[in-house]
Amino acid sequence: MEFEAVVGMEVHVEINSKSKVFCGCSGNFHAAPNTNVCPVCLGMPGVLPVLNVDMVNKSVAVGLALNCTISRWSKLDRKNYFYPDMAKNYQISQYDLPLCQNGWIDIEVDGQTKRIGITRAHIEEDTARNTHTIGGNQSGVDFNRSGLPLLEIVTEPDIRSAKEALAYLTALKQMLQYLDVSDCNMEEGSLRAEANISVRPVGQEKFGTKTEVKNVASFSGVHKAIEFEIARHIKLINSGGKVVQETRGWDADRGITVPQRLKESAHDYRYFPEPDLVPIVVDEAWEQRIRESLPELPAARRSRMGTQYGLSAYDANVITLSQDTANYYEQVVAAGADAKKAANWLMVELQSLLSAAKQDIRDCRVSPADLAALVGLIESGAINGKMGKDVIAEMFETGKATQDIVNEQGLSQITDTGEIEAIIRQVLADNPAQVEQFRSGKDKVFGFLVGQVMRATQGKANPALLNDLLRRELSRQEN
Amino acid sequence: MTTPLYKKTAREIRDAVRSGAVTATAVTEAHLARIAEVDPKVDAFTQIWTDEALAQAAAVDAKVKQGVDPGPMAGVPVGVKELICTRTGKTTCASKILENFRSPYDATIIKKLDAAGAIFLGKVNMDEFAMGSSTERSTLKTTKNPWNLKCVPGGSSGGSAAAISADECAMAIGSDTGGSIRQPAALCGCVGIKPTYGRVSRYGLVAFASSLDQIGPLTKNVEDAALSLNTLCGRDPLDATSADLPVPDFTKALTGDVKGLRVGLPKEYFTEALNAEMREKVEAAVDVFRRGGAEIVPVSLPHTDYAIATYYIICTAEASANLARFDGVRYGYRHPGAKTVEEMYVLSKSEAFGPEVRRRIMLGTYVLSSGYYDAYYLKAQKVRRLIKKDFDDAFEQCDFVMGPTSPIPSFEFGAKTENPLEMYLADIYTISVNLATLPGISIPCGLTASGLPAGLQMIGRPFGEETLLRAAHCYEQTSGITLGEPPIA
Ligand SMILES: [Zn+2]
């Protein structure tokens, strides 16, 4: 029997608001434990939550970017359960009236575009973090994370493979980064993804029994976990077994999912409207204000830049992957660089330097103007491509301007015919055997001779000129 | 013979302190002495902050000396209900679970009163987490009714009412979720007002039922209630449910006449549930208004019968979540024998919450649980809207609704603790007001034959406190009724 997978994703995104969602504490949870806390996010007696408007603005922006309907009227609810990481033993969330509903996002898999439905996106507060490693049998709770603003984004069960899930996460992350609402760092937990997975025979309408996979700390982990889980379901069914509806955790070390005994399993959350907060009312004017403030979104930018700069679909894709790279690229071109060459230098040389240094393009010391100058110098023949690589490495390292490096290191190419001719003559005189071989028809030796000349000039000879002059000298000596 | 300082009203004290005729220190000392004299019998105060109070008084006196305005509540000695968060002293909610709890912050109203020059004498008793109508549910002590020490002071703000009645302070902070200010005020013979929901910030009021709770003052007379509201009311950025409305000078509403006001008498409040003596007092009050030129209008609040059931579903549902935080993890009582997280929850809560609190948490958990939510909580919310609509309709015909505060006067200790339902009936006239988020005031309207106070309740339109104060003040001035001094015996 042939099976198809049905996957839905739930993603929690930590929104980069300056303060927590219901109090004025800083949103920086990297601080020393329990330093970004106040009576509200500690759940002290008598405190009240006040909704952070910036969180609403950013959530609406995400909703609009995901083509959602923004609720004119939505509310917050209490989700009740006991756990030491819950300051109040209820979490303020949105139950039946989320802020954003019924949207979609397009993803690209193997060159095909596919639309993934977004069921909802809603506001909630993060929990604190429990640590069980304090000596002996003690546990600690760090409330710095308690009350951080979270947006939970839920898809329709439209995803059919691990590959699609990965493409969805990539597209979502790109979107969120374009909106500048989250740093989407899965390792640090500012983006957390859970997948609901089931399989069914191809052609069957009805969904199979689903399992929920949590505890994945990377994009590649999501891919592997879904792949594993799909295979596990199919194997189970094929061997006459049944999939049990349960929550499973991804064990990255062993590369398997394992059943999770969860704090909330089979819980009755007893949701009810949060009486301490008033409804969230986003009127048309408010929505319009945010719509107008949206940046150019990934798909639009991709297609515009493709056309405007004559980029291939692949190049446009890579360059617009992050807004910072796209901005950088456009600045390089604006500084006068040839669009195609700029794309190559950015995607190949600069990118490999950035990856090796694990650096963000935002922190790159090579300014767009310098990269443009470099592309210009190569185009004019002032330096060759190989030199260019050395120059960009130097610029990356020191942040010096292009021309300064070229001048300092005397990197300008030798374009003086007389100077090159003198060196050629010397090389030919020093290598009579090779000259003889060349004359007897061994063309390969030509390359050796070129290399010798290059070495003698420390690579500064203009390669085209060198070729020309060397052939001319060889034929001259023959006659 | 001059009136002792502890007998003076808040307004008299404020004026005297401001003018320099008397020092805040003298006022504070007089009240501390009064507490020392009578509180061993009344047991209203749970904490007495002698040093802190005298320091506050000294600060007020220093301002007066420097010619700086010491504030509209200058020198007024205040008792604070045990569930208002204060950096000073403890905030126990009269519960074992918070028996040693010290709040790291001051409630908004505490900050406001402090800025206005009020002096905090200490904290006063209440039913545990404000759940009760007699203050018998306190784990701290048993507060007595100054009019008869064998009788309850009402509740849950029983300590606040008893302290005012026994002249231990000039103003006491109470909180009212279903009548917890008005009912004890009625039973102890003082004035208590529950403002409109949203009038006073709830920040720092330990929540019982968030959609019903409201802080208010208990005072010796109506003018002091108006004066106190001037300081207590107003929008608070820390309370999203606080109303963004200007706060009038409530004392300006005290015109002394009720001419032209329409007084609505709901027929549902005058049934056989109402004690005959109480009915007589209320009817006499109606005559006072009629003589004063008010128009008496019969009105109907048809959903009154459903109020108690509706109230006990909504308040317990909210309480079940509000009280969940008392788990022994971050503060409060943690059972020493707990070996697991679950045991920590179960043992701590089972041991440190009293029976009434446990009952309400369980009831609230039940009405919210899946399969019962629609039948109970959702239905109760619908009925709540109908109850509110009853009042909206009544206010088409009248400017305020009047009736008894409590169906019965105070009762002896233990008389109603066995049967919780009977205790719940003590709030039959007051809880609708919270459900409808309206303002309500209780003022004394005489003594029963056995010498216990009776309370008259007036219920106003949303944010119609001025009308209530005007009517209550006029009644106070023209009815000729004065209770005199409680015997404290
Ligand atoms: Zn905080």
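Letters go in sequence order (proteins before strands), and every chain restarts at 1. Heavy-atom basis, side chains included; hydrogens, waters and symmetry copies ignored.
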message = Please output the residues of residues 329-344 of chain B in contact with chain A, using a heavy-atom cutoff of under 4.5 Å, in numerical order.
response =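 B:Val329, B:Arg330, B:Tyr331, B:Val341, listed by number.
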request  = Would you please test B:Lys349 and A:Phe82 for side-chain contact (heavy atoms from CB on, under 4.5 Å) and show each step?
outcome  = CA-CA 12 Å; B:Lys349 283 169 181 274; A:Phe82 282 91; 3.6 Å; yes
message = Under a 3.5 Å threshold, yes or no: a donor from one side chain and an acceptor from the other, between A:Tyr90 and B:Arg325?
response =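 Yes.
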Sort [X] into side chain, backbone, both or neither according to what part of it lies under 4.5 angstrom from a heavy atom of chain B.
{"X": "A:Phe272", "value": "both"}
{"X": "A:Pro39", "value": "side chain"}
{"X": "A:Tyr271", "value": "backbone"}
{"X": "A:Leu51", "value": "neither"}
{"X": "A:Asp276", "value": "both"}

ask   = Going from CG on A:Asn80 to OG1 on B:Thr365, what distance comes out if it is rounded to the nearest 0.5 angstrom?
value =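 Nearest 0.5 Å value for the CG-OG1 distance: 8.0 Å.
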query = If you round to the nearest 0.5 Å, how far is CZ of B:Phe101 from CE of A:Met44?
reply =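 Here the rounded value is 3.5 Å.
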Please name the pair of heavy atoms, one in [X] and one in [Y], separated by the smallest distance, quoted to 0.1 Å.
{"X": "A:Pro45", "Y": "B:Tyr105", "value": "O-OH, 2.7 Å"}
{"X": "B:Tyr197", "Y": "A:Pro275", "value": "OH-O, 4.0 Å"}
{"X": "B:Asp239", "Y": "A:Val50", "value": "N-CG2, 4.2 Å"}

Does [X] [atom1] have over 12 foreign heavy atoms under 6.0 Å away?
{"X": "A:Tyr95", "atom1": "OH", "value": "no"}
{"X": "B:Lys379", "atom1": "NZ", "value": "no"}
{"X": "B:Lys111", "atom1": "NZ", "value": "no"}
{"X": "B:Lys112", "atom1": "NZ", "value": "yes"}

Under 4.5 Å from any heavy atom of chain A, what part of [X] do you find: side chain, backbone, both or neither?
{"X": "B:Ser103", "value": "neither"}
{"X": "B:Asn322", "value": "both"}
{"X": "B:Tyr372", "value": "neither"}
{"X": "B:Ala107", "value": "neither"}

request  = Find the one option among B:Gly204, B:Ala321, B:Ser369 whose heavy-atom pairs under 4.5 Å with chain A are most numerous.
outcome  =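 Greatest number of close heavy-atom pairs with chain A: B:Ala321.
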task = Go through B:Cys85, B:Gly371, B:Ser370 and name the one with the most non-hydrogen pairs under 4.5 angstrom from chain A.
result =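 Max contact count across the listed options: B:Ser370.
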task = Tell me, with the steps shown, if A:Leu48 and B:Leu238 meet side-chain contact (heavy atoms from CB on, under 4.5 Å).
result = CA-CA 7 Å; A:Leu48 297 170; B:Leu238 297 178; over 6 Å; no
key: Pairwise side chain to side chain donor-acceptor pair (under 3.5 Å) hits with a residue in residues 43-62 of chain A, at least two apart   =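 Listed once each, the pairs are A:Asn16-A:Lys58, A:Ser17-A:Asn52, A:Ser17-A:Asp54, A:Ser19-A:Asn52, A:Asp54-A:Lys58, A:Asn57-A:Trp286.
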task = Given side-chain contact (heavy atoms from CB on, under 4.5 Å), test B:Ser210 with A:Arg78 step by step and report yes or no.
result = CA-CA 12 Å; B:Ser210 311; A:Arg78 289 185 184 179; 3.5 Å; yes
message = Working note: B:Tyr345 + A:Asn89, criterion side-chain contact (heavy atoms from CB on, under 4.5 Å); need CA distance, chi angles, decisive distance, verdict.
response = CA-CA 11 Å; B:Tyr345 292 147; A:Asn89 286 316; 4.1 Å; yes
task = Go through A:Cys38, A:Gly24, A:Cys23, A:Ala87 and name the one with the most non-hydrogen pairs under 4.5 angstrom from chain B.
result =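 Greatest number of close heavy-atom pairs with chain B: A:Ala87.
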